[in-house]
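Proteins get letters first, then strands, A, B, ... in listed order; numbering begins at 1 in each. Computed from a predicted model, the values in this text were never measured in an experiment.
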Protein chains: 2
Amino acid sequence: MAKKKSHDSSDDGAPAGRSVPMREFSRSLPMSLLRAREAVMRQFRPSLRQHGLTEQQWRILRALAAIEVIEVTELARTAFLLGPSLSRILRDLEARHLIERRTVKTDQRRSTVSISEKGLKLMAAVAPSSEAIYADITRRYGARKLAELQQMLGELENSLAGLRPQEETDATADE
Amino acid sequence: MAKKKSHDSSDDGAPAGRSVPMREFSRSLPMSLLRAREAVMRQFRPSLRQHGLTEQQWRILRALAAIEVIEVTELARTAFLLGPSLSRILRDLEARHLIERRTVKTDQRRSTVSISEKGLKLMAAVAPSSEAIYADITRRYGARKLAELQQMLGELENSLAGLRPQEETDATADE
DNA sequence: AAACGATACTTAACATGTTAAATGTATCCG
DNA sequence: CGGATACATTTAACATGTTAAGTATCGTTT
């Protein structure tokens, strides 16, 4: 249906090359998001690294610091990590005694995680510089604008929420 | 609906837990960007996967399709990939005959890359569904809003552009 | 209670992200 | 010319992303 090949077309800014009809790549939404995030994270990584933490490990500690205990599955959702990643990281953090873990008595499959004293101390050591960096970003970009951006990002997330990832000729439309 | 426990503090929504003074984590900019990007990429991945491509491999093909030839370093910048990642992926794409590679005669260190006929055919096979997904996202979120979002993301990138990542007590502030 | 299916992780396997080090070339400079 | 430097790319090593399997436990059904 409707093969609209608007040949030498209107808004494509693609510079010659072999032509495959497509948006110009650097303007794609995924790239914009990736570049923006990278620009932000670049600010934080060195500071975290000095404390021996990766971005994801820091996410977990932050998530844990906000609550008493949490189950692994719930933590995965909170820290926005996939199960396998979380599993590996928890193993590591536990070995470093930054977190504590215990199986739920009423259900041996589940286990809860909480931050340890040592973990709290580490957080206390990292938080100041981390907050300072965040404050700096906010100042540069503008607090109001930042809030607006986050609002729009949330809305983007919501508009794609229900949408099932595109399979091919998949006919299982009802669950 | 979430039960808002309006503690009594200032603006911190942190629910009890061990207290380390810090923004609530789910509202941080990096998380917002990560979640938004993931929501978007989740739409594309299955389609790419069906064609045996990862997100990054697709980025490279797209970048290559827009130009005749390009040097590796320049490609890394365009596709927003680090050298080591690019190196591995190019090795793979070359083995699959999706790209072609040749060393620059005037400088044996450099090499140029270009997409092959086979690569172009693959792109032609993937592009339609990819564009359809993008169109769907645009429709759901709103074209104007999407443009605005990308504008704001670009500005965020720019406001952090000059800013050097935070080192510790690093005194090399000049040059 | 034994069988079956669902759940909560964990492992495995492969691809990429991230930093540091290695390799091979090119360039500069005495 | 020869040695020090800089540069382009690759390799190495470790951490995470992503999907598929595996393991243990729980619930339910018969």
Side-chain angles (χ1 to χ4, degrees), chain A residues 30 34-35 37-61 70-77 79-96 98 101-113 165 167 175, chain B residues 30 34-35 37-60 70-77 79-96 99 101-113 165 167:
Chain A
L34 179 59
R35 297 165 69 108
R37 187 174 138 83
E38 178 52 29
V40 172
M41 284 316 302
R42 201 185 344 269
Q43 310 305 319
F44 289 97
R45 263 192 285 268
S47 160
L48 291 178
R49 193 159 207 288
Q50 288 180 333
H51 295 277
L53 290 174
T54 65
E55 180 196 333
Q56 293 80 357
Q57 293 167 347
W58 178 237
R59 285 222 297 274
I60 291 177
L61 291 185
I70 189 174
E71 290 188 9
V72 172
T73 302
E74 175 69 3
L75 179 56
R77 204 165 40 239
F80 208 69
L81 290 169
L82 293 178
S85 298
L86 183 55
S87 204
R88 287 177 299 219
I89 300 175
L90 289 182
R91 190 210 313 137
D92 181 61
L93 292 180
E94 187 177 24
R96 289 156 71 184
L98 296 173
R101 209 188 207 168
R102 51 195 312 179
T103 26
V104 173
K105 285 179 288 293
T106 64
D107 188 340
Q108 300 291 105
R109 293 172 303 180
R110 301 163 191 261
S111 67
T112 59
V113 186
E167 307 285 343
E175 140 195 33
Chain B
L34 179 57
R35 297 164 69 108
R37 187 173 137 83
E38 177 52 29
V40 172
M41 285 315 303
R42 201 189 338 272
Q43 311 304 319
F44 289 98
R45 263 191 285 269
S47 161
L48 291 178
R49 192 159 209 287
Q50 287 180 336
H51 295 278
L53 290 175
T54 65
E55 180 196 334
Q56 292 82 357
Q57 294 168 347
W58 178 238
R59 285 221 298 274
I60 291 177
I70 189 174
E71 291 189 7
V72 172
T73 302
E74 175 69 2
L75 179 56
R77 206 165 39 239
F80 208 70
L81 291 169
L82 294 179
S85 299
L86 183 55
S87 202
R88 285 178 299 218
I89 299 174
L90 289 182
R91 188 207 316 135
D92 180 62
L93 292 179
E94 188 177 25
R96 289 158 70 184
I99 64 169
R101 209 188 206 171
R102 51 196 313 180
T103 27
V104 173
K105 285 179 287 294
T106 65
D107 187 341
Q108 302 291 105
R109 293 172 302 180
R110 303 162 191 261
S111 66
T112 59
V113 185
E167 306 285 342

Q) With a 4.5 Å limit on heavy-atom distance, are the side chains of A/Arg59 and B/Leu34 in contact? A) yes
Atom pairs under 3.5 Å: protein N/O with N/O of nucleotides 24-27 of chain C:
{"unit_1": "C/dA26", "atom_1": "OP1", "unit_2": "B/Gln108", "atom_2": "N", "d": "2.9"}
{"unit_1": "C/dA26", "atom_1": "O4'", "unit_2": "B/Arg109", "atom_2": "NE", "d": "3.4"}

(Q) Considering every strand and a 4.0 Å limit on heavy-atom distances, what is the contact class for B/Leu86: base, sugar-phosphate, or nothing? (A) nothing
Q. Given D/dT18, is OP1 or OP2 found less than 4.0 Å from the side-chain N or O atoms of A/Ser85?
A. no
Q: Provide, to the nearest angstrom, the distance between the CD atom belonging to A/Glu71 and the P atom belonging to C/dT7.
A: 15 Å
Q | Value rounded to 0.5 Å, distance of CD1 in A/Ile70 from CG in A/Leu75 | A | 5.0 Å
Q: Grab the two heavy atoms, one from A/Leu90 and one from A/Arg101, that are nearest each other, plus how far apart they are.
A: CB-NH2, 3.6 Å
Q.
How many whole angstroms separate atom CG of A/Leu48 from atom P of D/dC14?
A. 21 Å
Q) Quick one: which of A/Thr54, A/Ile89, A/Leu53, A/Val113 gives a side-chain contact (heavy atoms from CB on, under 4.5 Å) with A/Ile60? A) A/Ile89
Q. Once you round it to whole Å, what is the distance between C1' of C/dT16 and CG of A/Leu82?
A. 14 Å
Q. Can a salt bridge be assigned to the pair B/Asp92 and B/Arg96 using a cut-off of 4.0 Å between side-chain N and carboxylate O?
A. yes
Q) What pair of heavy atoms forms the shortest contact from A/Thr103 to A/Gln108, and how long is it? A) CG2-O, 3.8 Å
Q.
Does a side-chain N or O of B/Gln56 approach OP1 or OP2 of D/dG17 to a distance below 4.0 Å, or not?
A. no
Q.
Output the rounded distance in Å from CD (B/Glu38) to C1' (D/dT16).
A. 13 Å
Q.
Please compare A/Thr112 and B/Asp92 by the position of their nearest nucleotide in DNA chain C and report the one closer to 5'.
A. A/Thr112
Q: May I ask you to verify if any side-chain N or O of A/Ser111 is less than 4.0 angstrom from the OP1 or OP2 atom of C/dA8?
A: no
Q) NA contact type, B/Arg49, heavy-atom cut-off 4.0 Å: base, sugar-phosphate, or nothing? A) sugar-phosphate
Q: Between B/Leu90 and A/Gly83, just flag the one whose closest nucleotide in DNA chain D comes earlier from the 5' side.
A: B/Leu90
Q | Candidates D/dG17, C/dT19, C/dG17 - which lies nearest the side chain of B/Arg59 | A | C/dG17
Q) Going by heavy atoms in the side chains, are B/Arg35 and B/Glu38 under 4.5 Å from each other? A) no
Q. So does A/Arg88 get a side-chain nitrogen or oxygen closer than 4.0 Å to the phosphate oxygens (OP1/OP2) of D/dT16?
A. no
Q: Please state how far atom CZ in A/Arg91 lies from atom P in D/dC14, giving the value in whole angstrom units.
A: 14 Å
Q | Atom-pair distance (CD on A/Gln57; P on D/dG17), nearest Å | A | 11 Å
Q | Minimum-distance nucleotide (side-chain atoms of B/Thr54 versus D/dT11, C/dA15, C/dG17) | A | C/dA15
**Q.** A/Met41 CE to C/dT18 P, straight-line distance once rounded to whole Å
**A.** 9 Å
Q: Would you state whether a donor and an acceptor, one from the side chain of B/Arg45 and one from the base of D/dG17, lie under 3.5 Å apart?
A: no
Q. To the nearest Å, how far apart are A/His51 NE2 and D/dA15 C1'?
A. 19 Å
Q: Quick one: closest heavy-atom pair of B/Pro46 and B/Arg42, and the distance?
A: CD-O, 3.3 Å
Q: Ignoring backbone atoms, establish whether A/Thr73 has a side-chain N or O less than 4.0 Å from OP1 or OP2 of C/dC9.
A: yes
